[in-house]
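Reviewing the structure listed below.
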Amino acid sequence: QHLFNNTRRLVHVTIPNSVRYVNGGAFQYSNIVSVIMPDSLELMGDAIFSNCKSLEYISLPLNITTIGIRTFAECDSLRNINIPSSVTSIMEGAFTGCNNLRNIGSLSNINYIETSAFKNCTSLDSIALISANSISKEAFANCTSLEHIEFGDSIKYIGQNAFHNTGYTNDYANITG
């Protein structure tokens, strides 16, 4: 755990195909700019890239199912990320504070979005939550540019203040659990 935590000289990382798991906090607070992860990677621990202020690019493995707690929290330089279709859950604070994150790709297979998952992502302007069953409290709170949200028929629960202080103005009270 925390193997490359706070590393200043490590800038570009390619994780080899032999790696199946990366421990939580492995690159936390480092100066990495880009990361390429192999599709052989099966699990990523929590907060792996938390507070990597210079992280601009990451290639996520195509077979992961969960984006863990605070995995990309406070990654200020991250503008785009393609979340693989295998991902069904985005955990608490996974992208919180990524204030330059504009594009998260398709969330078409996401079932659960946990508390504060995208909180304070002030550049995020649209999302499609076609398969979402549950969106926890403050999941998109303070996403001040967020104006367009597409919901599917499977939504069962939207937590308190899930879209607080966003540009989203449609009424979703009829689907709140």
Side-chain angles (χ1 to χ4, degrees), residues 13 22 27-28 32-37 39 41 43-155 157-159 161-170 172 175:
V13 176
V22 177
F27 297 96
Q28 192 173 29
I32 58 174
V33 173
S34 67
V35 179
I36 297 174
M37 302 179 105
D39 290 335
L41 195 67
L43 289 170
M44 299 187 318
D46 295 333
I48 292 176
F49 302 105
S50 175
N51 288 285
C52 289
K53 303 289 187 187
S54 301
L55 183 63
E56 295 176 5
Y57 173 81
I58 183 149
S59 169
L60 291 174
L62 296 178
N63 59 351
I64 59 167
T65 59
T66 300
I67 306 281
I69 296 170
R70 296 189 58 79
T71 297
F72 297 101
E74 311 299 332
C75 290
D76 293 338
S77 297
L78 190 62
R79 286 178 166 62
N80 302 295
I81 190 164
N82 187 20
I83 297 175
S85 60
S86 58
V87 174
T88 58
S89 299
I90 299 177
M91 303 310 286
E92 183 175 340
F95 293 94
T96 195
C98 293
N99 51 0
N100 287 306
L101 186 63
R102 296 175 199 272
N103 182 3
I104 54 178
S106 174
L107 296 179
S108 60
N109 293 323
I110 301 293
N111 293 319
Y112 302 100
I113 299 175
E114 296 296 332
T115 302
S116 303
F118 292 93
K119 186 175 183 178
N120 298 323
C121 291
T122 56
S123 297
L124 191 61
D125 62 3
S126 66
I127 51 170
L129 303 169
I130 306 306
S131 297
N133 293 321
S134 175
I135 300 169
S136 293
K137 68 179 181 176
E138 298 184 359
F140 294 92
N142 301 324
C143 293
T144 53
S145 298
L146 184 58
E147 294 181 357
H148 306 288
I149 303 171
E150 183 179 351
F151 292 104
D153 294 333
S154 59
I155 191 77
Y157 174 78
I158 296 177
N161 295 322
F163 299 99
H164 177 73
N165 198 26
T166 67
Y168 185 68
T169 58
N170 290 349
Y172 56 86
I175 54 175

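One-based numbering along the sequence shown.
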Do [X] and [Y] come within less than 4.5 Å of each other through their side chains, counting heavy atoms only?
{"X": "Ile127", "Y": "Phe118", "answer": "no"}
{"X": "Phe72", "Y": "Ile58", "answer": "yes"}
{"X": "Thr166", "Y": "Ile149", "answer": "no"}
{"X": "Leu101", "Y": "Phe95", "answer": "yes"}
{"X": "Leu60", "Y": "Val87", "answer": "no"}
{"X": "Ile48", "Y": "Gln28", "answer": "no"}
{"X": "Met91", "Y": "Asp46", "answer": "no"}

- Item | Heavy atoms of other groups near Glu150 CD, more than 12 under 6.0 Å | no

- Walk me through it: do Lys137 and Asn161 pass the test side-chain contact (heavy atoms from CB on, under 4.5 Å)? CA-CA 6 Å; Lys137 68 179 181 176; Asn161 295 322; 5.8 Å; no

Do you know which two heavy atoms are closest between [X] and [Y], and how far apart they sit?
{"X": "Tyr168", "Y": "Glu147", "result": "CD1-O, 3.7 Å"}
{"X": "Gly68", "Y": "Ala94", "result": "O-CB, 3.5 Å"}
{"X": "Pro84", "Y": "Pro61", "result": "CG-O, 3.1 Å"}
{"X": "Leu62", "Y": "Asp39", "result": "N-OD1, 2.9 Å"}
{"X": "Ser136", "Y": "Ala162", "result": "O-CB, 3.7 Å"}
{"X": "Asp76", "Y": "Asn100", "result": "O-ND2, 2.7 Å"}

As an exercise, state the distance from [atom1] of [X] to [atom2] of [Y], rounded to the nearest 0.5 Å.
{"X": "Ser89", "Y": "Ile67", "atom1": "OG", "atom2": "CD1", "answer": "10.0 Å"}
{"X": "Lys53", "Y": "Ser77", "atom1": "NZ", "atom2": "OG", "answer": "9.0 Å"}
{"X": "Ile113", "Y": "Ser134", "atom1": "CD1", "atom2": "OG", "answer": "9.0 Å"}
{"X": "Ile90", "Y": "Ile69", "atom1": "CD1", "atom2": "CD1", "answer": "13.5 Å"}
{"X": "Cys98", "Y": "Ile81", "atom1": "SG", "atom2": "CD1", "answer": "8.0 Å"}
{"X": "Thr71", "Y": "Met44", "atom1": "OG1", "atom2": "CE", "answer": "5.0 Å"}

- Message: For the backbone of Leu124 and the side chain of Ser145, can you confirm whether one donor and one acceptor N or O come within less than 3.5 Å of each other?
- Response: no

- Task: Verify, without hydrogens or angle tests, whether Thr96 (side chain) and Ala117 (backbone) share a donor-acceptor contact under 3.5 angstrom.
- Result: no

- Qualifying side chain to side chain donor-acceptor pair (under 3.5 Å) pairs with a residue from residues 118-131, counting only residues at least two apart or across chains: Lys119-Glu138, Asn120-Asn142

- What residue pairs, at least two apart or across chains, pass side chain to side chain donor-acceptor pair (under 3.5 Å) with a residue in residues 55-70?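 Output for this query is empty, none listed.
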
- Task: May I have the step-by-step check of side-chain contact (heavy atoms from CB on, under 4.5 Å) for Ile155 and Ile135, ending in yes or no?
- Result: CA-CA 8 Å; Ile155 191 77; Ile135 300 169; 3.7 Å; yes

- Just do the side-chain contact (heavy atoms from CB on, under 4.5 Å) check on Phe27 and Leu55 with the steps written out, would you? CA-CA 10 Å; Phe27 297 96; Leu55 183 63; over 6 Å; no

- Stepwise side-chain contact (heavy atoms from CB on, under 4.5 Å) check, Leu129 with Ile110: CA-CA 7 Å; Leu129 303 169; Ile110 301 293; 5.6 Å; no

